[in-house]
Amino acid sequence: MAAVAPEQPATTSMMTAIIPDGVKPGSVFHISTPSGSLMAVTCPPTSKPGDQIQIAVSAGPVGTPALQLAIEKEDLVRIGKVTNASFSTGYQAEIPVTGGSGTEIGVLRLHTTNVVELPCTVQLISPSGETLMSYEMASLVGRHAAPDPVIPVQLSGRVYASFTNSIRQVNCIFAESTISVTRVDGSGGTLVGPLQQGCGSARGNLMILGILLWVVAIGMFFLCAAYAMPVTGRVRSLDGTAEYAPYGDARGIKTVNFVPNPKDKKRDSYKTCDAKTKVDALVGIMVSAVSDALNATYDRHVDDHGNILQ
């Protein structure tokens, strides 16, 4: 069960927000609060772009996000394979998230009524039903039209950081995905990536060799070996002054390691992950896992012209 953040007193004040262009009734947009943080706001059903609305803004001390408390003592967290997936014109699925100790952190829930044109709502729900993390992933059309989108991620109902997912196609087989995390409280941030390494990496070379030797039985061996190898990347501070333990990914299970592998020759040079760095790394990999799931769904169910296949 996820830990519960201790309650601390907070005050609220009212501020005026102007609904941005393109926002429809019921959709979510983000505003900057007087404290400098971002806040998610739902457009009222009777409002339209350009209208002014009054928003209650929380101020004063707040508790530590429950997700941070849930993982601060974990050495690693595993993000499993997609389960309970369903698709018609929309898409919904779940992805289990567990700690290295076997603790169930929660379930990533994905939901969109139109996988091509509408945003996908993503929530990490604890076993007790608490929303530990939430954000909206842009529609597939929107993501292709506007690369490297900025994603404001909320923890326990408050915006924690802006995540930017940059994807670089290495070749027709491999792509590298890097996630930058900028915290709204000004405490810094991290750079997570690459999430998949392309040509030049040991895994990439084995994969290419296996494909080239596919007509020979030994090619199967190289492909299996490449599939079993972890896809490693680094977690760094945005200013480049610190490097933390790498995460690993093998056989479809993404593992976010907060301590280095004892066999890693660089293990003594890594900085110790503090609680916020753990959150950065974990949420960064979860953003990547959701992106992978949506892309796979798009490839299976949508043709080259963006039409949904029946």
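Partners of Gln52 according to the side-chain hydrogen bond (donor to acceptor under 3.5 Å, both in side chains) rule, which considers only residues two or more places apart in sequence or in another chain, do not exist here. Judged as a side-chain hydrogen bond (donor to acceptor under 3.5 Å, both in side chains), and not counting sequence neighbours, Ser269 has no contacts. Partners of Pro20 according to the side-chain contact (heavy atoms from CB on, under 4.5 Å) rule, which considers only residues two or more places apart in sequence or in another chain, are Val23, Phe29. Judged as a salt bridge (charged side-chain N to carboxylate O under 4.0 Å, His left out), and not counting sequence neighbours, the contacts of Lys266 are Glu243. Applying the side-chain hydrogen bond (donor to acceptor under 3.5 Å, both in side chains) test to Glu136 and every residue at least two apart in sequence or in another chain returns nothing. Residues satisfying the side-chain contact (heavy atoms from CB on, under 4.5 Å) criterion with Ser86, sequence neighbours excluded, are Gln92. For the side-chain contact (heavy atoms from CB on, under 4.5 Å) test, residues two or more places apart in sequence or in another chain that qualify with Thr131 are Gln123, Ile125, Ser134. Residues satisfying the side-chain contact (heavy atoms from CB on, under 4.5 Å) criterion with Leu76, sequence neighbours excluded, are Arg78, Thr255, Asn257. Applying the side-chain hydrogen bond (donor to acceptor under 3.5 Å, both in side chains) test to Glu72 and every residue at least two apart in sequence or in another chain returns nothing.
Grouping Ile, Leu, Val, Met, Phe, Trp and Tyr by side-chain contacts under 4.5 Å, direct or through others, leaves Val107 on its own. Counting side-chain heavy-atom gaps under 4.5 Å among Ile, Leu, Val, Met, Phe, Trp and Tyr, Tyr270 is found in no cluster with other residues.
Listed by first and then second residue, the side chain to side chain donor-acceptor pair (under 3.5 Å) pairs involving residues 271-286 are Tyr160-Asp280, Arg183-Asp280, Asp185-Lys276, Thr190-Asp280, Asp274-Thr277 (not counting sequence neighbours).
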